[in-house]
Visitor: 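I am attaching a structure below and will ask some questions about it afterwards.
Every chain is numbered from 1, with letters handed out A, B, ... down the list of sequences.
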Amino acid sequence: MHDLKYIRENAVDFDAALARRGASPIAADLLTLDESRRALATEMQQAQARRNEASKAIGKAKAQGNEEAAQALMTEVAELKKTLPALEEKERDVATKLKNTLAGLPNLPDEDVPAGADEDDNVEIERWGTPRSFDFEPKEHSDIGPSLGLDFETGAKMSGARFTFLRGQMARLQRALAQFMLDKQTLENGHTECAPPLLVREEAMFGTGQLPKFSEDSFQTTDGRWLISTSEISLTNSVREQILDEAQLPIRLTGLTPCFRSEAGAAGKDTKGYIRQHQFEKVELVAITRPEDSEAEHARMTKAAESVLQALELPYRKMLLCAGDMGATARKTYDLEVWLPGQDSYREISSISNTGEYQARRMNTRFRPAGEEKGTRFVHTLNGSGLAVGRTLVAVLENYQQEDGSVTIPAALQPYMGGITKLEIP
RNA sequence: GGACACGUGGGUGAGCGGCUGAAACCACCUCCCUGCUAAGGAGGCAAGGGCCUCACGGUCCUUCGAGGGUUCGAAUCCCUCCGUGUCCGCCA
């Protein structure tokens, strides 16, 4: 959601920023709507003011027993009531149209976001770790996994494609990874652990920007609720419609939840393996900050996500997404891509975004500045994966695979595996 | 799922259909007094929007869970929904 005042004063910049994402100019349309809305509002409010004034006068006239004056005023108000509802409806219609147009627009990219249309234009910031050299041909996880309990067939049989059934040591490995990540984010990185709802109302989906434009990406229940596609939705909306004290900021949250995605439009992509599922687990990081702190928080949160990869000794690279490849709500995004030797490529395992006040406006989340500044200001919100558990499982399988089909457990993870150091084919 | 009750500003909580955008208290801010691990006094303090102003600010509109309705006029009456509480039923 955007600030109309900003658009009024910076129409050219606004369109230029949208153009960087490949969106068409819209400022002129918005301003036309805005102008007519304000003109209607002024007209409507003048009529309302007269009605209110007359109504008060009626009360006074009646109190003084002046029935004649009261009657005259009532006649006048009756006349007003013939025109007022039409005016109110017109104003409402224009306001709704304006709001809907605004609600469908993506965030503006930050100035230091590189230009570009798609992932080919993303900029590599740095690499961490050295990909292991194999003295055999490394396999993909979808070839290593099945004999260790990653059961694609059973999942598909009961639920369809993109659902997987984990059993035995594989299920335990996923649980261990999730616990490990949660401990890292809470004990070391200062995020508060949360266990939020997985089903949310439409307003919550709107608040974080999944609606109205991306309804096809999520699942909806028969009673109209939505399955969260990420716990960013539940965690971020925990502060919706609130006016926070400045002293409460920053608020740093984390949570482990399943995420549900319909993956519409991803036909043919990653059809093999555990990379792209309708249901997957993710440890999410969310931060609510003052506007002036969000950039530093973005860097800090990215490091928090990186800390998991480093502890697991998984090589990765950090990408700065170009304007055309960012999600609609983001104004700046770093992706962490983990090295997958079986695929011989880096694959996304975390995406950390600063949305600025885009979501805060949609959720109406503000804070009251301490000191003499009057009024309220919108907070900034950030979210990132810390990390996607399923994809981390994939990375462990591929990076720690042995020639005999077994997989060693990263040292940091062993305490979470009850001392098991290796997954072996039963 | 059934019955009843409730939903007011940052918080607690008053509020005969016109004098209430809202008492009082707490929190917070400014000032005064006084000082010693405390306090006392004065004042201010909802949000969003329109119009006027270089600005300080002024003025009007909307909002008392949300949406409808009754009325010249609604926080106050009616309906629907959402939420909360209590009791009953069911249940991991």
Visitor: Scan side-chain atoms only and decide if D335(A) and S351(A) contain a donor-acceptor pair under the 3.5 Å cut-off.
Guide: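 Checked: D335(A)/S351(A) side chains pair up, N/O donor to acceptor below 3.5 Å.
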Visitor: Quote, to the nearest angstrom, the C1' distance that separates U20(B) from C64(B).
Guide: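 Between the two C1' atoms, the distance is 11 Å.
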Visitor: From CD of E35(A) over to C1' of C51(B), roughly how many Å is that when rounded to an integer?
Guide: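 Going from E35(A) (CD) to C51(B) (C1'), I get 15 Å.
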Visitor: Report yes if at least one side-chain N or O of T376(A) is closer than 4.0 Å to OP1 or OP2 of G10(B); otherwise report no.
Guide: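 No, outside the criterion.
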Visitor: I need the CD-P distance between E246(A) and G10(B), as an integer number of Å.
Guide: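 Going from E246(A) (CD) to G10(B) (P), I get 17 Å.
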Visitor: For M44(A) versus L87(A), what's the shortest heavy-atom pair and its separation?
Guide: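 Nearest pair, atom of M44(A) first, then L87(A): CA-CD1, 4.0 Å.
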Visitor: Out of C82(B), G18(B), G48(B), which has the shortest distance to the side chain of K62(A)?
Guide: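 Among the listed nucleotides, the one closest to the side chain of K62(A) is G18(B).
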Visitor: If I pick the P atom on G89(B) and the same atom on C77(B), what distance separates them, to the nearest angstrom?
Guide: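 Between the two P atoms, the distance is 33 Å.
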Visitor: Using atom C1' of each nucleotide, how far apart are U34(B) and G41(B) to the nearest Å?
Guide: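 Going atom to atom, C1' in each nucleotide, I get 11 Å.
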Visitor: Can you name the closest pair of heavy atoms from A178(A) and V283(A) and give their distance?
Guide: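 Shortest heavy-atom contact: O-CG2, 4.0 Å.
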Visitor: If we take the P atom in both G85(B) and U12(B), what is their distance in whole Å?
Guide: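 Taking atom P in both G85(B) and U12(B), they lie 14 Å apart.
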Visitor: So, is K81(A) close to the G73(B) phosphate, meaning a side-chain N or O under 4.0 Å from OP1 or OP2?
Guide: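 Affirmative; the distance criterion is met.
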Visitor: Determine the Euclidean distance between corresponding P atoms of U71(B) and C45(B); express it in Å to zero decimal places.
Guide: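 Nearest-Å result for C45(B) against U71(B) at atom P: 38 Å.
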Visitor: Is the distance between the ring centroids of H380(A) and Y358(A) under 6.0 Å?
Guide: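 Centroid distance H380(A)-Y358(A): not below 6.0 Å, so no.
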Visitor: Can you give me the closest heavy-atom contact between E193(A) and L182(A), atom names plus distance?
Guide: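 It is OE2-CD1, 3.5 Å.
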Visitor: If the test is side chain to side chain contact (heavy atoms under 4.5 Å, CB included), which one of T329(A), I288(A), N107(A), L382(A) qualifies with Q359(A)?
Guide: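 Option passing the side chain to side chain contact (heavy atoms under 4.5 Å, CB included) with Q359(A): T329(A).
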Visitor: Who is the Watson-Crick or G-U wobble partner of G48(B), with both distances under 3.5 Å?
Guide: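 Its partner is C61(B).
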Visitor: Figure out the CD/P separation between E203(A) and C81(B), and round it to whole Å.
Guide: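 Atom CD in E203(A) sits about 16 Å away from atom P in C81(B).
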Visitor: Return whichever of D245(A) or A54(A) has its heavy-atom-nearest nucleotide of RNA chain B closer to the 5' end.
Guide: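 The answer here is D245(A).
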Visitor: Which atoms form the tightest heavy-atom contact between E398(A) and G342(A), and what is the distance?
Guide: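 Result for this residue pair: OE1-N, 2.8 Å.
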Visitor: C45(B) P sits how many Å from I243(A) CD1, rounded?
Guide: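 Interatomic distance, CD1 of I243(A) to P of C45(B): 16 Å.
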Visitor: Is any side-chain N or O of R8(A) closer than 4.0 Å to OP1 or OP2 of G50(B)?
Guide: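 Affirmative; the distance criterion is met.
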Visitor: Say you pick atom P in A47(B) and the same atom in C29(B); how far apart are they, in whole Å?
Guide: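 Comparing P positions in A47(B) and C29(B) gives a spacing of 16 Å.
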Visitor: Return no unless some side-chain N or O of R368(A) is found under 4.0 Å from OP1 or OP2 of C45(B).
Guide: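 Indeed not, no polar side-chain atom of R368(A) lies that close.
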Visitor: For nucleotides 52-69 of chain B, give me one character per nucleotide, 5' to 3': B if any protein heavy atom sits under 4.0 Å from the base, S if the only such contacts are to the sugar-phosphate, - if neither.
Guide: -----S--BSS-------
Visitor: Using every non-hydrogen atom in the two residues, find where E348(A) and R391(A) come nearest and quote the distance to one decimal.
Guide: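 Nearest heavy atoms, E348(A) then R391(A): O-NH1, 3.0 Å.
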Visitor: Looking only at atom P, what distance separates U62(B) and G2(B), rounded to whole Å?
Guide: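 About 38 Å, rounded to a whole number of Å.
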Visitor: U30(B) and A23(B): how far apart are their C1' atoms, nearest whole angstrom?
Guide: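 The answer is 24 Å between these two C1' atoms.
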